[in-house]
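Note: hydrogens, waters and symmetry copies are ignored here, and every other heavy atom, side chains too, is used. Every number for a ligand or one of its atoms is a count from 1 in the order of the listing.
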Amino acid sequence: MKFYNLKENDEQVSFAGAVKQGLGKNQGLFFPTELPKFSESEIAQLLAMPLVERSVKILHPFVAEDLSAKELTNIVTDAFNFPALLQPISSDRAVLELFHGPTLAFKDFGGRFMAKCLQAFCKKEAVTTGVEKKLTILTATSGDTGAAVAHAFHGIDNIRVVIMYPKGKISLLQEKMFTTLGGNIETLAIDGSFDDCQVMVKQSFDDSDLATTIGLNSANSINISRLLAQVCYYFEAVAQLSRAKSDLNSIVFSVPSGNFGNLTAGLFAKAMGLPIKRFIAATNANDTVPRYLETGEWSPHETVATISNAMDVSNPNNWPRVEHMLKSGIVPADCVSSVSIDEEQTQSTVIQLAKLGYISEPHAAVACKALQYSAQEGEFGVFLGTAHPAKFKEVVESIIGQPIGLPKELADCAGEPILSVDMSADFAQLRAYLLAK
Ligand SMILES: *Cc1c(COP(=O)(O)O)cnc(C)c1O
């Protein structure tokens with residue numbers, strides 16, 4: 001299967017091309033030329049399979065040009081070596097916990113899959129050309145991408161990773177998780193917002209001299225490999241539900257959204273035939289999308305800082321993919337609604353869930369609250385738990401008024417020194433830094 005550029009439709013690349021390039025010409029996003037559609041009986045067969053075997057079946061049509069089923073199986077086995085767990089909350093609610101990977105966030109699924117794919121492509125290229133090319137992964141993070149990408153690529157030969165993040169705008173533990181690794185992982189603390197960081201990434205890709213000199217690649221959620229990996233856990237959620245429930249036609253996913261990669265993956269799953277009734281895109285005060293769906297006007301405001309900081313995005317970079325699917329009929333135009341949840345509602349939902357015996361964190365709480373607002377009679381709601389509560393320890397403890405433990409992954413890095421370099425939100429400085437080494 002090919003992937004084409006949503007802005008410059010003539011540009012078509014294979015899966016390997018799309019993964020290596022990240023963004024297409026004119027900053028266009030890559031999109032599959034066709035989404036495979038499974039029949040009802042094929043879906044039933046898929047749902048009966050274990051995670052890795054099923055994920056290989058789901059992903060193979062997308063990657064077949066570049067990876068054999070065996071190569072893909074090795075990659076998926078390595079990448080998805082932790083579970084996605086569906087936890088019941090009440091008779092018509094459950095949370096899909098996606099944070100059981102090495103950096104305790106759902107981004108481990110996409111980050112690990114992408115790293116293993118790139119590693120495989122680099123090795124193959126070295127074998128066919130006899131030259132070992134160096135790659136630079138440049139990425140911006142509002143918190144969790146940094147950790148997932150850093151851990152996924154740490155120690156991989158010939159890949160240099162440079163991660164930018166808004167200084168002082170992510171939690172200390174989040175920062176510790178990716179700024180303490182060293183080796184091939186370099187981190188830049190930018191004096192600005194996440195959107196500023198994201199703009200600098202885009203400027204770097206537009207600078208073709210720079211991009212070719214350092215073999216530039218992005219691991220942001222614009223990379224199609226990350227989205228494809230995320231399709232697999234929607235299938236996993238429905239598979240787990242199907243063991244407990246016979247009616248699968250009433251499932252609603254509430255997705256805590258920042259860059260809207262997670263929602264994009266859910267829409268892929270629906271387009272491929274997975275029985276999902278509809279989606280709720282839950283945002284925090286950064287409400288560009290809910291306002292857009294209501295008024296038809298795209299008018300991002302200045303990004304505001306919230307306690308669900310991984311969603312502090314006012315110009316979500318995956319939105320063109322969502323919009324394309326809604327407008328071209330790949331998914332029904334009315335299958336996505338969007339709700340903005342404020343800080344007070346977020347906190348009260350964390351408390352409400354704690355009273356039910358479930359310790360959550362602000363991102364999951366935003367999705368849970370959005371579900372409470374818009375769920376209809378007879379629907380079964382699943383909200384996505386995108387991060388482990390301990391990643392937001394200070395905030396969660398102050399909301400619920402009781403201490404929560406640190407899992408081993410966080411305790412290990414909490415005492416390590418931060419190795420970041422400070423930089424202003426200035427592309428010229430970034431360019432010089434990237435070329436200096
Ligand atoms: C990245 C992130 C999100 C937002 O996901 P998108 O795919 O960017 O919409 C939500 N919650 C957490 C914890 C995250 O790290």
Side-chain angles (χ1 to χ4, degrees), residues 29 95-101 103-111 114 139-152 163 165-166 169-171 173-175 177-178 194-195 197-198 218-231 233-234 253-269 279-284 286-290 303 306-322 336 338-341 346 350 360-370 383-393 395-396:
L29 302 174
V95 54
L96 180 65
E97 293 186 348
L98 299 170
F99 50 72
H100 297 288
T103 73
L104 309 175
F106 82 99
K107 294 192 172 82
D108 283 326
F109 281 97
M114 178 180 169
T139 193
T141 183
S142 55
D144 289 336
T145 299
V149 168
H151 282 260
I163 300 171
Y165 63 101
K169 299 204 172 79
I170 66 176
S171 84
L173 275 171
Q174 267 185 322
E175 190 174 6
M177 271 201 117
F178 66 94
F194 171 65
D195 286 294
C197 298
Q198 207 154 250
S218 158
N220 273 10
S221 60
I222 46 177
N223 196 290
I224 195 77
S225 60
R226 289 186 37 170
L227 302 180
L228 294 178
Q230 290 173 227
V231 171
Y233 57 64
Y234 285 93
F253 279 97
S254 180
V255 185
S257 297
N259 263 321
F260 285 74
N262 213 347
L263 180 73
T264 307
L267 293 174
F268 276 21
F279 293 87
I280 302 164
T283 73
N284 58 27
N286 296 287
D287 60 351
T288 306
V289 167
T303 312
T306 72
I307 53 171
S308 50
N309 62 26
M311 300 167 13
D312 291 350
V313 182
S314 59
N315 212 349
N317 61 13
N318 267 299
W319 185 257
R321 287 181 170 129
V322 174
V336 175
S338 190
V339 186
S340 163
I341 302 297
T346 307
V350 171
S360 64
E361 51 72 46
H363 304 79
V366 164
C368 178
K369 185 71 193 177
F383 61 97
L384 303 189
T386 43
H388 192 292
K391 279 195 109 162
F392 299 90
K393 186 174 159 55
V395 172
V396 173

Least distance between heavy atoms, [X] atom then [Y] atom:
{"X": "Ala147", "Y": "Thr103", "answer": "O-CG2, 3.4 Å"}
{"X": "Val339", "Y": "Ala370", "answer": "CB-CB, 4.1 Å"}
{"X": "Ala265", "Y": "Leu227", "answer": "CB-O, 3.5 Å"}

Where on Lys391 is there a heavy atom closer than 4.0 Å to ligand 1, on the side chain, on the backbone, on both, or on neither?
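Neither; no heavy atom under 4.0 Å.
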
Heteroatom distance test ([X], ligand 1): nitrogen or oxygen, under 3.5 angstrom:
{"X": "Gly261", "result": "yes"}
{"X": "His363", "result": "no"}
{"X": "Phe106", "result": "no"}
{"X": "Asn259", "result": "yes"}
{"X": "Ser257", "result": "no"}

Please tell me if the side chains of His388 and His100 come closer than 4.5 Å, counting only heavy atoms from C-beta onward.
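Of all side-chain heavy-atom pairs linking His100 with His388, none is under 4.5 Å.
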
Could you tell me, atom by atom, which parts of ligand 1 come under 4.0 Å of a heavy atom of [X]?
{"X": "Asn262", "result": "7 (O)"}
{"X": "Ala387", "result": "13 (C)"}
{"X": "Thr386", "result": "10 (C), 11 (N), 12 (C), 13 (C)"}
{"X": "Ala310", "result": "2 (C), 12 (C), 14 (C), 15 (O)"}
{"X": "Lys107", "result": "1 (C), 2 (C), 3 (C), 14 (C), 15 (O)"}

What about Phe99 and Phe106, are their ring centers closer than 6.0 Å?
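Not close enough - the centres of the two rings lie 6.0 Å or further apart.
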
Counting the benzene-type ring for Trp, do Phe178 and Tyr165 have ring centres under 6.0 Å apart?
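Distance test on ring centres: under 6.0 Å, yes.
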
Parallel under 30°, tilted from 30 to 60°, perpendicular over 60°: which one fits the rings of Phe253 and Phe279?
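Because their plane-to-plane angle is under 30°, the rings of Phe253 and Phe279 count as parallel.
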
For Ala105, state whether at least one heavy atom is located under 4.0 Å from any atom of ligand 1.
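Judged by the 4.0 Å heavy-atom criterion, Ala105 does not count as contacting ligand 1.
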
side-chain contact (heavy atoms from CB on, under 4.5 Å) between Tyr233 and Asn262, intermediate numbers included
CA-CA 10 Å; Tyr233 57 64; Asn262 213 347; 2.6 Å; yes

Tell me: protein heavy atom nearest atom 13 (C) of ligand 1, and distance?
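Protein heavy atom with the smallest distance to atom 13 (C) of ligand 1: Asp144 OD2, 3.1 Å.
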
For side-chain contact (heavy atoms from CB on, under 4.5 Å), just list the numbers for Leu98 and Leu96, CA-CA rounded to whole Å, side-chain angles, deciding distance to a tenth of an Å, and then say yes or no.
CA-CA 6 Å; Leu98 299 170; Leu96 180 65; 3.7 Å; yes

